[in-house]
Amino acid sequence: MNMIRKGQLAGLLVTTVVVLGVSACGDSNDNATGPVGAGVTAENSEPQTDPGLEQRRAGRGEGTIKLGDLNKPKDATEVGAPFDPCTTITWADFPGEVRPTDGKPHPPQLRAPEKDDPFDVRCLFDNSGAITLDSNGDRTGAQGSYFMVSVVWGTKLEADPAKRKGSEAKTWTGKSGLIHRMPDDPKTGKGCIGLATLGSGVGGVAVTNSRFGTDACAVVDALMGAITTRSK
């Protein structure tokens with residue numbers, strides 16, 4: 001994840017988290033080195049002269065400590081979700097025109113929710129465009145565009161359209177919910193959110209799209225269909 005995305009991710013997802021009912025929209029890991037949840041490992045870099053080193057290793061040898069071991073986000077199994085936002089959905093479920101075509105890996109990234117977030121697990125799919133920065137670190141040029149999708153599950157999410165002003169009732173695979181088209185944002189483009197009541201809890205998708213001409217709600221519709229079909 002490049003510098004502009006690390007510094008602006010919370011801003012990009014403001015409309016998403018507001019509709020989901022989130023009061024705190026920052027990601028605690030947004031400023032970490034490398035993509036969050038990418039499973040990056042490294043050898044322990046603490047100096048051997050550190051007197052507390054062996055105690056903190058708890059008997060583990062050098063090179064066995066994974067970055068994020070002490071604050072790793074809980075996955076779908078740990079929170080009891082009926083589907084896994086990072087594996088139930090793949091890029092193959094997205095409309096063809098928004099899938100990555102650069103030949104580079106775009107793995108979904110598990111993100112830890114903040115304490116006030118209504119979802120228990122979230123996975124971020126990112127196919128944003130190349131972004132250049134000027135000497136001040138500000139975005140330059142028209143090539144900076146975003147396509148970011150959050151797939152979530154939680155027990156406090158609200159999928160009743162009667163309680164979501166501006167949303168419309170929607171049913172996927174017999175599971176009732178809502179779809180909410182967001183106002184266009186000058187920076188992040190078009191947005192759309194879908195939520196559906198599952199066997200347990202609520203599954204959802206939030207799309208931020210300023211890169212492709214594809215309707216954001218069409219992406220939501222496709223992914224919600226996949227989620228409701230494959231959930232336990």
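What you see is a predicted model; the values in this text were computed from it and never measured. Residues: numbered from 1 along the sequence shown.
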Residue pair [X] / [Y], side-chain heavy-atom distance below 4.5 Å:
X	Y	result
Arg164	Glu158	yes
Lys72	Leu110	no
Cys192	Met182	no
Phe212	Val219	no
Val149	Leu124	no

Basic-acidic side-chain contact under 4.0 Å: Asp120, Lys156: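 Salt bridge absent between Asp120 and Lys156.
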Residue pair Phe83, Leu198: steps toward the side-chain contact (heavy atoms from CB on, under 4.5 Å) verdict: CA-CA 10 Å; Phe83 76 99; Leu198 305 177; 3.7 Å; yes
Could you tell me whether the side chain of [X] and the main chain of [Y] form a donor-acceptor pair under 3.5 Å?
X	Y	value
Arg99	Ala92	yes
Thr188	Asp185	no
Thr171	Ser176	no
Glu114	Asp116	no
Trp172	Leu195	no
Arg122	Ala112	no
Asn127	Val98	yes
Trp153	Val79	no
Asp84	Cys86	yes

Qualifying residue, where the test is side chain to side chain contact (heavy atoms under 4.5 Å, CB included) with Val205 and the options are Ile179, Val220, Val152: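 Option passing the side chain to side chain contact (heavy atoms under 4.5 Å, CB included) with Val205: Val220.
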Would you name the heavy atoms of [X] and [Y] that are closest together and state the gap between them?
X	Y	value
His106	Lys104	CD2-O, 2.9 Å
Pro73	Arg111	CB-C, 4.1 Å
Gly80	Ser200	O-OG, 4.3 Å
Val121	Ala76	CG2-N, 4.2 Å
Ser128	Ser145	CB-O, 3.4 Å
Pro108	Cys123	CB-SG, 3.4 Å

Salt bridge (charged side-chain N to carboxylate O under 4.0 Å, His left out) against Asp75, all qualifying residues, sequence neighbours excluded: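 With sequence neighbours excluded, Asp75 shows a salt bridge (charged side-chain N to carboxylate O under 4.0 Å, His left out) to no residue whatsoever.
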Pairs meeting criterion side chain to side chain donor-acceptor pair (under 3.5 Å) with involvement of residues 222-232, two or more places apart: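 Sorted pair list: Asp93-Arg230, Thr173-Thr228, Thr173-Thr229.
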Lys190 atom NZ, over 12 foreign heavy atoms within 6.0 Å: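 12 or below, so no.
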Within 6.0 angstrom of Glu168 CD, more than 12 heavy atoms from elsewhere: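 Open.
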Interatomic distance, His180 atom NE2 to Lys165 atom NZ [nearest 0.5 angstrom]: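 Going from NE2 on His180 over to NZ on Lys165, the span is 10.0 Å.
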Phe147-Phe125 aromatic ring centre distance below 6.0 Å: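 For Phe147 and Phe125, the ring centres are not under 6.0 Å apart.
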